[in-house]
Each structure stands twice: as structure tokens, then as C-alpha cells.
Amino acid sequence: MSAEQQGDPAGLRKDAPPPGPDATGNADDGTDPRPATPSWIRELDMALTVHPQVLLTGNVRDQYLLPDDHAAGSSPTLAPYSLGGVIESLCAARGYGALAFLDQVHERITLLRLSATVEQVPPVLREFAERDEKWRRGRDGQGADGADDEDEPEMLDRLRDAMVGVVHHSGPPIGLVVPYSGRLGSPQAPVAGEAARLFAAAEELGHTARPVQGASAVTPYNTVFWVVERQEELPREFAVGSRAVRVISVPQPPHDQRLAAARHVVGGLARYQAATGGPTLTEAETATAAKALADSSHGMGSSEVMAIGRMALDRNLPVQRLDEAARLYRIGVLDNPWATAELRERIATGEEFLNGKVIGQPYAVRRTLEIFMRSAAGLNGAQASSSPSRPRGTLFLSGPTGVGKTELAKGVAEMILGKDARPIRFDMSEFAEEHARDRLIGAPPGFVGHDAGGELTNAVRANPMSVLLFDEIDKANPRLFDLFLQILEDGRLTDGRGATVYFTECVLVFTSNLGITAAGTGEPPKDGAGAGDAGNSTSGGTGEAGGTGATEAAPRTTRGRLSRHDDPTEVRQRLRQAFDLFFNDIIKRPELRNRFGDNFIPMDFMQEKWVPRILDKAIASVAGRVLETHGAELVLADDAWEVLRVEATRRLDHGGRGVLTAVESALVNPLAKEVFRTPPRRGERLRVVAIEGDGDGEGYRLEVERWQG
């Protein structure tokens, strides 16, 4: 009966007989699409004859898509099997008589007879099997009296007795499978009592075990199979380094195995689609869909690839849209905003929008939009053969303080995510210490704060589609750059609790002041210009411009400090040189520099021609606040506006923030005194006729005309 007839239209059955150990799955002519039997399975088969104990670790909870040599017909077929099914297959082929499995859910040991008669099973396993049968009958309501819980030994005692009985058995060979071995004791504290006796016995039995006597020249051991996802989960007393224990790592499926799983899924979905009135796909179309699914499932297991097929079936997604099912499975994003006409329209008109947000940076805005056009077109990372799961966009904004780096990040967030969206900001000067890595991804198990998770991973888990702003990245501790390398390459991180967080739908923005100072990196400005970067807004951080955080000072050069009077082309070249110097020579991470690629965007110094636009924007913000708070209208006469322009130009070395500081000093502060002394009535009009003073002594004074409008 076919998978479709069995009510499984996606062809995802899991109860097929497991394959034999010698199955290669490849035809001699190379046309068989089935993958070869993974090397770890062949290693496991070899270990049965030379090691009495085997520790399986890594991707042990997956389903393994393997050739189904027992399937009817001559056409090649694949079927998914659990790790237990693989062990059963190998043991059956080696002539094992039975397999015993520890069931930690019901605290029992179950017995699967492969070829042995009841008399050929160790007495202790026969006893456990009888107890298990009584328990099953009682659970199913068949009137059996069930096992007497008061007389039953504890689970660890039961496991120890079973292990001793199995290892000392004379034949036929018996296997004992212990899943979730890390749950038998604590990896942080020494075990005691029955757990200590169990692991002491296991170590001794490993050294005293002998192969089972038999007619063949090479016979296997009575094998104990320990299964754990990560070795660090094992109790300290587990003899990982023992010569008797073969440690076998089960890797994540590579691309060819994911492709085989994708073909398996796509084939089932295509047949179901055709049977239910949908279009019939050509071989080329199914091959294209399978490759797209394999590419979009980078970092996933075969069971997850097959789960994507079931999700596509549940949501009635056609085969051609399996990549959307992969996105939904990975991060829970139901819709792909990058494929919507609305976002494409916002990006298409983004130059006017971003230039309104960030005044004086047409070059940086144009470069930024080119990057997001690439993402909206689905070509982000198309030139690379590595992971297709990289973040949707990456920007490295470098330039003087106060020119709009942070404001550009805010504009990008609003353009992509909506009007009220804001970037999730991390001030990297706060992450200069050695333990900063733990703040971002969470402390390792056993350390204080382990259960709290990390600031970065928690934020992305809560908001899979985010704009992440890493401000003043050059001040971060060098250890953090390894995390950024993993995010930029694979689009994911594993937090301190072992959970995977995906950055596939995120936009990453890094800012830096590298290259502005005389030394090219770490030397602070001679005029003490402030850092942070609020761009053309009144908010922003503070600190010193430039700096490399925990890194050593850069080699000094004889080139002078850049200023707004330098040629913009030279400024951009110097910023790029400082960027390369920082990653190549200071933190020695040229591979990270390469991941940024052409996403490095230099930002120009603020020029005098942009002062009127920034000034008008700032004055409009002040007037809006007066109207909102007091219900009064604020306007400026031409003479007052000109005073502000001159003062703003005088402070232009501080970028757009210098303009905002001038407005605060010459307008906001004296206006606050005026409003405080005589609060305006609702509907009243305030006209600033003149601004007097130079900022020294008592500061500026306003001449204000007031009348009821």
C-alpha cells in the first residue's frame, strides 16, 4: 500500500523496516537519487565487533532518511528511521538475539527479541519483560494484577542489574540501549548512591567485557548503547575517556542528505497535488522545488525537512512555495514581508523618505537602498555558495559623530517594519568586558543567570523580524566578534541554554567612528567632540569618538585628523582604510571584514549647505512640542532664524548634533524661561522677533511678541 493510500500524502511514513548496514543507496551508474549510508552508521556497525560500549552523541533525535531495501518493487525508495531503528537494523544484521531499551517515561526496561528464543535471553531481562507485560495488561484494562510497585527496585537499580546481565550473557549477543543518558545524574555535581554504583559498574564492565562466543571468526560484544545529545550533559562519573567506550558523533545532515529528504517530501506533495486536482509538475519543476527546500533548510535535521512538508500540506502551500513553509517552521513568520508589494513600494520611494530622516547623506542613503533592493529581489547572498540563511541585510555605517548613523538605522527600521518601529539598540561600549559574550547569548549551564538567557538572543526570539543596531562596534570586546561572524555567515546563534535563535529575517546595522581621528582608529579628537550618534534628532548617546574598546591602540600614522573641509572622496577612502586596518590588524578578524563585503557604507561630514534643512526640522519639532503641551503656536522671525543659522554653522564640526545643540542653547533654553514665567494660553501665538546674546554669561535672551490668535 502506498504512502498516499495510508493517509500520508506527503510520503512521510516512519514505520518502514530499517535498512541493512551495507546499503549504500547508490546505483552503479550514479543515477540513484538516494544518498549513501552515512559514515557514522558504518562506524557504528564496525564498533559492534571491537567495543563493548558505544556513546552516540550529537544529532541523535533526528530521523534518518535511508534506503529502504525491504520495500516492494524495483524502484529506489527512501524511508525515515529513528536512531533506535538504525541500532535495531545493525544488530539484527550482526545476529543479535535481542535488544533491551530503557523507558524513562514509565521507568521500565522493555525487550525486543530479534532472533533469540525466550530461553536464550538473560534471566534478568526475562524477569523485566514479564513485569513489563503485567504492567501493560494492567494499563490496558485487561484484568492483569500488574506489577507490585512496592516490591520493584528503583530505576537505576533496575538498569544496573540489566547491564550486568547483558554484559555477562554468553550468547546470542544482546544490546542494551540507554537513551537520554545525561538524565541519569548531574553534570555539575558528583553523583552518589545508586547513580554512583551504576557508573562504577559500567566502567568496570567495559574493561572486563568479552566478545560473545560464536561460530563465526568475528563476533560482536554484548553492547551497551549510551545516547546523549551533548557530551557535557553526561555526569562527571561517566567514563567518556575509557578505551572501552566508542564515542560516535552523529552530525547534522549535509546538503546532499537534506536534498534527498527534500526530494522525498516534494515527490509526495507533488503526487498529492496532482491527485487532488492541482497541476502536474514536470521533473525539472520538482527538482527546482527540492533544491529550494534543501537550501532553505540549512542547519536543520531531516525530520525538520519532513515536518516542513507536513506544514506545507496543512497550509495548502504549493510545492513551489516550500521555502515559505521553511521560513514559517524556522521562525514562525507567517508572511514574507520582503515579497510584498507594499515593502517594494516603500523601498522604491525610500530615497525621499530616508533623505528626509537623515539630512546631508544622499550617498549613504543610495547605498543603503541598493542593499535592500537586493533583499527584496531575493538575491541577498546569491553570489555565495554557503548558507542561504544569512540575515536579510547588513550595514556597516562609518563616519564622524553626529552625521546620522543612528538616525539612518531608525529610518531603515521604519521603512521596513512600519511607522512605529524602532531598532533594538546595543551600545557596544557596555560590552567591553570579558564576560560581555554571556550578556548577549546567556551564561553557560551551571553559571549564575543561566536560566535568564541572553539580551540579544532573547530579543530576536521575541521579535524574529527586527532591526538590530550595534552602536560603536569597535568598542566591543574582541570575543564578541566571533558571535557576529556566526550570525553573518549562518544566520543563527545557539544561546546558553542550547536553543537555536535564527537571524534570517533580521537586519543588522553596525556603526563606528573609525578613521576620523588622527591615528586612524583609537586616538580621541583633539577638540573633545562627543560620540554616540543621534543623527538629526535630539536624542543620542554620549562618549568619546573613535576608540577600539578592549583592543590595543592602532599603529599611529602621520596623517592628520579628518574634517568637514576635506574632499568627500578622500574621506570615504580614509574611512575604508581604517575599516580594513581595524579588522585585519587590530582585532585580526579579516574573515569578518570579508563577511561585511560591500555593505560598508561611509558617511560624509555635515556640510554648511545642509544647515537650513536641519535647522527648520529642529524648529518645527520645538513648535510642535509647544503646540502639544500648551496649545500655543510658535513662529520665528527671519532675524531670529538667521541668528540660529549662524550659531549652528559655528558648531558644525559636531555634525547634525551641533545644529541641535545650537537650537537648544539659543532657542529652547530661553524659551523655556519665557514659558515658565508666563505660561501661554491655549490659542495664543508666540513670535520670536529676535535672539540676543552669544552663549556666554547669562546666555541667550529672546524678544517675544504674544497675542491671542
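Every value quoted in this text rests on a predicted model; they were computed, and no experiment measured them.
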Could you check whether the rings of F426 and F470 sit parallel, tilted or perpendicular, using 30° and 60° as the cut-offs?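 Correct class here is parallel.
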
Salt-bridge criterion met for [X] and [Y] (N-O under 4.0 Å):
| X | Y | result |
| --- | --- | --- |
| D314 | R310 | no |
| R479 | E434 | yes |
| D482 | R589 | yes |
| R94 | D45 | yes |
| R246 | E43 | yes |

Do [X] and [Y] have side-chain N/O donor and acceptor atoms under 3.5 Å apart?
| X | Y | value |
| --- | --- | --- |
| Y96 | T223 | yes |
| T110 | D103 | no |
| N477 | H435 | no |

Qualifying residues under ring-ring contact (aromatic ring centres under 6.0 Å, His included), relative to Y502, sequence neighbours excluded: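 With neighbours one apart ignored, the set is empty.
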
Distance to the ring centre below 6.0 angstrom and angle to the axis at most 45 degrees; does that hold for R210 and Y221?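 Not flagged: R210 not positioned over aromatic ring of Y221.
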
Closest heavy-atom pair and its distance - A325, M311: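 Nearest heavy atoms, A325 then M311: O-SD, 3.8 Å.
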
Main-chain N/O of G301 paired with E304 side-chain donor or acceptor, under 3.5 Å: yes

Looking at S242 and A244, would you say the former's side chain and the latter's main chain have a donor-acceptor pair under 3.5 Å? yes

Kindly indicate, with the supporting measurements, whether the criterion side chain to side chain contact (heavy atoms under 4.5 Å, CB included) is fulfilled by Y64 and L83. CA-CA 8 Å; Y64 314 101; L83 181 63; 4.0 Å; yes

Stepwise, does the side chain to side chain contact (heavy atoms under 4.5 Å, CB included) test hold for L488 with F503? CA-CA 9 Å; L488 295 177; F503 293 75; over 6 Å; no

Stepwise, does the side chain to side chain contact (heavy atoms under 4.5 Å, CB included) test hold for L184 with L159? CA-CA 10 Å; L184 300 177; L159 177 59; 4.0 Å; yes

Quick one, L55 and V228 - any side-chain contact, counting heavy atoms below 4.5 Å?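 Result yes, sub-4.5 Å side-chain heavy-atom pair found.
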
Give every donor-acceptor pair under 3.5 Å between a side-chain atom in residues 166-181 and any protein atom, sequence neighbours left out.
from: H169; atom 1: NE2; to: Q120; atom 2: O; distance (Å): 3.0
from: H169; atom 1: NE2; to: G171; atom 2: O; distance (Å): 3.0
from: H169; atom 1: NE2; to: P172; atom 2: O; distance (Å): 3.3
from: S181; atom 1: OG; to: V178; atom 2: O; distance (Å): 2.8
from: S181; atom 1: OG; to: V227; atom 2: N; distance (Å): 3.2
from: S181; atom 1: OG; to: V227; atom 2: O; distance (Å): 3.3

